[in-house]
Amino acid sequence: TNVLWKATDQGLVREDLKAGTEIAYTSRPTDSTSLSNNTVTSITHGRGTELWIGTGEGLNLFDPEKETFQRYFHVPGDSISLSDSYVNDVFMDSQDNLWVGTAQGLNLMDRETGNFISYKSDPEDSTSISGNLISLIEEDHEGNLWVGAYGEDTGLNRYVPKKKGFRRYLRELSVISLHVAPDGELWAGTAVGLYKYERETDRFINTGISSTNTLLIDTDENSLWMYNTQGITRYDQTNENAVIFGENNGVRGIFDLYRYTFPHRSSDGTLRLGTSYGSYEFHPDSLWISRDTAQVFVTDFRIDDQSIYSD
């Protein structure tokens, strides 16, 4: 497809990549079929041409043909409405279940009725979700649903359908992003570095890649691409080396995780990354990375500004 959907704080934007044109969809107070709020936090494709939009005030189902929005909100006192109207993430799993992460819990939508089942944290129940401020939702190749939460000692959760409960991981860390690689490997970007899930032991292993606020972008052959406070980083899994594209390459690092960032890979392999400063676009194959070791020559050595170098 030649269409790219972009989430901004001024509405939903449809970019025609071939024509180079954009259309913005915004909230109009007098039109109940318009976008519910201009702060767009998440976008996911549903059935057919459906597009689900999370915003700072409500969940929206967008019909591209009619160019109209159907809205869903939290209704005080209604236990089958959204648990909160502030939507952080929207995710459609492999079974066509729609999951909605809000500021007050995780929600599963009943597509037939439009009602919601809410999952909230219970301090007395260790199988409940670890926190109510949901940050991310992802599914691995085995159909496991992973849910991240903001807050102290919240970490990451894996939903266990048979028990309708959760197993908790990385409790001491803030998990910022998850990425499922084509080979099925699960990576977790945290506030302090990169972790990899080990299925044999059912735990996350520290890779030793330390960086503040690690947002995972994508994988490319043996490389994992990340965005952090230093810039965009390419991590080579074969030799465990990292190459950083920072300010010298025109890339500014993360400074505000609450400004939502959406990585996207197009069909031709181009990676796009939306940030608070704008967006970055590059193709991994077009980046030249020198593997030559630089030679160092000492031409002078000085103490108290006096040269002591001698042939």
Side-chain angles (χ1 to χ4, degrees), residues 42-47 52 54 87-102 105-109 111 117 119 121 126-131 133-150 154-209 214-227 235 237-238 240 260-265 269 271 273:
S42 56
I43 306 171
T44 193
H45 286 279
R47 300 169 180 168
W52 290 91
V87 177
N88 282 323
D89 198 11
V90 184
F91 184 81
M92 182 73 72
D93 70 18
S94 57
Q95 302 300 313
D96 283 341
N97 294 311
L98 185 72
W99 297 88
V100 185
T102 75
L106 177 69
N107 298 258
L108 173 61
M109 185 183 194
R111 297 295 304 276
I117 299 172
Y119 299 88
S121 180
S126 62
T127 66
S128 68
I129 198 165
S130 61
L133 181 52
I134 306 302
S135 58
L136 58 90
I137 309 169
E138 185 59 86
E139 182 182 21
D140 64 23
H141 285 189
E142 296 180 354
N144 294 307
L145 192 77
W146 297 85
V147 184
Y150 287 122
T154 53
L156 186 64
N157 304 262
R158 177 167 61 86
Y159 180 59
V160 183
K162 292 182 179 179
K163 297 182 179 180
K164 294 186 178 180
F166 297 84
R167 178 175 172 79
R168 302 175 181 182
Y169 303 80
L170 299 172
R171 285 293 305 272
E172 71 282 4
L173 298 176
S174 294
V175 178
I176 295 164
S177 61
L178 286 177
H179 176 68
V180 181
D183 61 3
E185 295 288 0
L186 180 65
W187 300 84
T190 75
V192 296
L194 178 65
Y195 286 74
K196 183 179 181 180
Y197 180 59
E198 189 177 74
R199 285 182 172 78
E200 294 77 12
T201 60
D202 192 26
R203 64 192 183 103
F204 283 84
I205 306 299
N206 191 337
T207 64
I209 298 296
T214 303
L215 177 79
L216 299 170
I217 302 175
D218 209 333
T219 44
D220 180 54
E221 294 183 355
N222 292 318
S223 299
L224 182 67
W225 293 88
M226 300 173 282
Y227 182 48
Y235 173 60
Q237 299 178 53
T238 56
E240 299 184 344
Y260 300 91
T261 306
F262 296 93
H264 173 266
R265 179 186 284 272
L271 293 176
L273 178 67

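Given the structure is predicted, the values throughout are model-derived calculations rather than measurements.
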Practice task
Any chance you could lay out the side-chain contact (heavy atoms from CB on, under 4.5 Å) test for Arg47 and Asp96, step after step, and finish with the verdict?
Solution key: CA-CA 8 Å; Arg47 300 169 180 168; Asp96 283 341; 4.1 Å; yes

Fill in the blank from the handout: Nearest heavy-atom contact between Gly46 and Trp52 is CA-CD1, 4.0 Å

Problem - Approximate separation, where rounding is to 0.5 Å, of Ile129 CD1 and Leu106 CG - result: 5.0 Å

Fill in the blank from the handout: Tightest non-hydrogen contact, residues Asn206 and Leu194, listed as OD1-O, 3.7 Å

Handout entry: Which residues share a side chain to side chain contact (heavy atoms under 4.5 Å, CB included) with Gln95, sequence neighbours left out
Key = Asp93, Asn97

Handout entry: Counterpart residues, side-chain hydrogen bond (donor to acceptor under 3.5 Å, both in side chains), relative to Thr127 (two or more places apart)
Key = Asp125

Handout entry: Thr154 backbone acceptor or donor facing Ser130 side chain under 3.5 Å
Key = yes

Handout entry: Residue pair Arg203 / Tyr169, side-chain donor-acceptor N/O under 3.5 Å
Key = no

Completion exercise
side chain to side chain contact (heavy atoms under 4.5 Å, CB included) with Asn88: of Leu133, Leu136, Val100, only one passes, and it is Leu133

Practice task
Would you give the length of the straight line joining atom CD of Glu139 to atom CG of Asn144, rounded to the nearest 0.5 angstrom?
Solution key: 8.0 Å

Practice task
Before giving the answer on side-chain contact (heavy atoms from CB on, under 4.5 Å), spell out for Val87 and Asn107 the whole-Å C-alpha distance, their side-chain angles and the decisive distance to 0.1 Å.
Solution key: CA-CA 10 Å; Val87 177; Asn107 298 258; over 6 Å; no

Problem - Point-to-point distance, once rounded to the nearest 0.5 Å, from CD of Glu142 to CZ of Arg199 - result: 4.5 Å

Fill in the blank from the handout: All heavy atoms of Ile137 vs all of Asp89, minimum pair found to be N-OD2, 2.8 Å

Practice task
Take Val147 and Leu156 through the side-chain contact (heavy atoms from CB on, under 4.5 Å) test and state the conclusion after the steps.
Solution key: CA-CA 6 Å; Val147 184; Leu156 186 64; 5.9 Å; no

Exercise for the section: Identify the two heavy atoms, one from Ala181 and one from Trp187, that lie closest to each other, and give their separation to 0.1 Å. Expected result: CB-NE1, 4.2 Å

Completion exercise
One should read off an interatomic distance between Asp140 CG and Leu186 CG, to the nearest 0.5 angstrom, of 6.0 Å

Exercise for the section: Could you list all the salt bridge (Lys or Arg N to Asp or Glu O under 4.0 Å) pairs where at least one residue sits in residues 164-184, not counting sequence neighbours? Expected result: Arg167-Asp202

Exercise for the section: Examine distances only and state if a side-chain atom of Thr190 and a backbone atom of Leu173 form a donor-acceptor pair shorter than 3.5 Å. Expected result: no

Handout entry: Result of checking Tyr159, Trp146, Phe91 against Trp99 for ring-ring contact (aromatic ring centres under 6.0 Å, His included)
Key = Tyr159

Exercise for the section: First locate atom OG of Ser128, then atom OH of Tyr119, and finally report the distance between them rounded to the nearest 0.5 Å. Expected result: 12.5 Å

Practice task
Could you grab the distance from atom CD1 of Ile205 to atom NZ of Lys196, nearest 0.5 Å is fine?
Solution key: 10.0 Å

